[in-house]
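Right, one structure below, let's go through it.
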Amino acid sequence: MKIKLLLVTAFMCAGLSVSAQDWAKARLEKSPRHGEWVDVKNGSRSVHCFIVYPEVKDPALAVIVIHEIFGLSDWARNAADEVAAAGYIAIAPDLLSGAGPKGGGSSDFASTDDVVAAIHKLPQDQITGDLNAAADYVKALPAANGKLAVAGFCWGGAQTFRFACNRPDLKAAFVFYGTPPDKEEMQKINCPVYGFYAGNDARVSSTIPAAEKLMKAADKTYKPVKYEGAGHGFMRAGEQPDAEAANKKAHDEAWKRFKALLGKL
């Protein structure tokens with residue numbers, strides 16, 4: 001390349017292999033798109049972000065990509081590159097910036113368990129501030145058209161739903177198998193929320209009916225889709241070289257829907 005969640009979340013996600021992501025790294029290295037690292041400021045904090053530009057003629061919509069509970073992994077950066085391949089500027093902030101050993105970030109932890117533990121210690125206000133810093137940076141770029149969306153996966157899916165409650169200028173929020181915010185927070189959402197859920201993920205997917213009821217009562221747009229047979233994390237699991245058929249099918253269908261919705265913004 002040119003360049004307050006329950007602990008059960010960790011155990012659910014930890015069942016998915018993230019340690020071996022050579023395939024994702026290889027894709028990144030072969031990408032023709034320009035990707036680079038930038039540091040944005042949230043008060044005194046420096047937030048390390050991976051940004052990828054699409055190869056397009058006109059200024060483009062910007063999408064904030066929020067990583068899983070495993071931090072800003074090679075797969076998360078590859079997901080940002082795929083958003084750019086679809087024609088949009090993608091920025092993926094490392095929300096563990098400064099939390100790693102010697103003030104490092106996601107890639108500096110010794111193990112996945114250490115990353116997960118650190119994620120659970122992040123203050124919610126800090127997360128919102130980091131995301132706002134990334135949003136302000138990318139929205140102001142000359143290559144951006146001023147429109148902003150957010151998409152996140154697993155823990156990042158829940159943070160996406162939450163960020164929709166805290167960022168009034170979002171055009172859309174794309175929640176991939178993430179849990180919803182509290183009822184009171186939903187009142188502050190100004191954009192449509194599109195959900196992508198796994199059929200074999202009752203812990204998360206069982207929250208859909210209540211979220212639908214609450215979002216409807218708040219007069220908000222919420223459109224969830226459940227992909228039967230798929231498991232939690234299917235957007236990553238469905239891309240792996242040894243992907244199960246149901247996860248690959250869910251990944252492909254969800255990605256097609258995601259791109260179609262982005263195209264309408």
Side-chain angles (χ1 to χ4, degrees), residues 1-5 7 9-29 31 33-53 62-84 89-138 141 150-160 162-163 178 233 235-236:
M1 168 170 289
K2 293 180 194 172
I3 340 226
K4 150 183 48 180
L5 288 178
L7 188 59
T9 303
F11 294 116
M12 173 70 76
C13 294
L16 303 166
S17 174
V18 294
S19 58
Q21 293 189 358
D22 291 345
W23 56 272
K25 186 176 182 179
R27 287 185 184 179
L28 276 170
E29 291 174 347
S31 172
R33 287 162 291 282
H34 178 80
E36 64 187 28
W37 290 97
V38 298
D39 289 321
V40 302
K41 299 297 290 186
N42 171 20
S44 61
R45 279 178 52 73
S46 288
V47 186
H48 207 41
C49 303
F50 183 66
I51 185 168
V52 193
Y53 291 87
V63 182
I64 304 166
V65 178
I66 307 181
H67 58 68
E68 301 169 294
I69 201 168
F70 307 114
L72 189 57
S73 63
D74 289 334
W75 177 79
R77 294 197 300 126
N78 184 66
D81 183 64
E82 290 178 337
V83 170
I89 302 171
I91 186 167
D94 184 358
L95 298 173
L96 285 174
S97 295
K102 299 181 180 180
S106 292
S107 62
D108 296 299
F109 286 90
S111 70
T112 299
D113 287 345
D114 290 343
V115 172
V116 170
I119 286 279
H120 280 297
K121 294 177 182 177
L122 292 176
Q124 292 298 314
D125 287 347
Q126 177 180 297
I127 294 170
T128 300
D130 287 356
L131 293 174
N132 275 326
D136 292 343
Y137 174 87
V138 73
L141 289 172
V150 62
F153 310 87
C154 181
W155 177 85
Q159 292 300 330
T160 292
R162 183 175 172 275
F163 193 52
M235 289 302 287
R236 173 165 45 78

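Since the structure is predicted, the reported quantities are computational estimates derived from the model, not experimental observations.
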Handout entry: Results of side chain to side chain contact (heavy atoms under 4.5 Å, CB included) for Ala118 - residues two or more places apart only
Key = Leu96, Phe109
Handout entry: With sequence neighbours excluded, residues passing side chain to side chain contact (heavy atoms under 4.5 Å, CB included) with Ala151
Key = Val63, Phe174, Phe176, Phe258
Partners meeting side chain to side chain donor-acceptor pair (under 3.5 Å) with [X] (sequence neighbours left out):
X: Thr128; value: Arg162
X: Ser44; value: none
X: Ser46; value: Lys41
X: Lys25; value: none

Rounded distance [0.5 Å steps], [atom1] in [X] versus [atom2] in [Y]:
X: Trp155; Y: Leu122; atom1: CH2; atom2: CG; result: 5.5 Å
X: Ser107; Y: His48; atom1: OG; atom2: NE2; result: 7.5 Å
X: Ile119; Y: His67; atom1: CD1; atom2: NE2; result: 5.0 Å

Exercise for the section: Could you walk me through whether Ile89 and Ile51 pass the side-chain contact (heavy atoms from CB on, under 4.5 Å) test, one step at a time? Expected result: CA-CA 7 Å; Ile89 302 171; Ile51 185 168; 4.0 Å; yes
If I compare all heavy atoms of [X] with all of [Y], which pair ends up nearest, and what's the gap?
X: Val115; Y: Ser106; value: CG2-O, 4.0 Å
X: Ala76; Y: Gly71; value: CB-O, 4.3 Å
X: Ala24; Y: Asn78; value: O-OD1, 4.0 Å

Completion exercise
Taken in chain and number order and not counting sequence neighbours, the residues that satisfy salt bridge (Lys or Arg N to Asp or Glu O under 4.0 Å) with Asp136 are Arg167
Exercise for the section: Please identify each residue that fulfils salt bridge (Lys or Arg N to Asp or Glu O under 4.0 Å) with Asp94, with sequence neighbours left out. Expected result: none
Handout entry: Gly105 backbone acceptor or donor facing Asp108 side chain under 3.5 Å
Key = yes
Problem - Donor-acceptor pair, side chain of Arg27 and main chain of Glu82, under 3.5 angstrom - result: no
Exercise for the section: Answer yes if the ring centres of Phe153 and Trp75 are under 6.0 angstrom apart, and no otherwise. Expected result: yes
Handout entry: Parallel, tilted or perpendicular: rings of His34 and Tyr53 (30°, 60°)
Key = tilted
Handout entry: Audit row: Leu95, Leu131, side-chain contact (heavy atoms from CB on, under 4.5 Å) steps and yes/no
Key = CA-CA 8 Å; Leu95 298 173; Leu131 293 174; 4.1 Å; yes
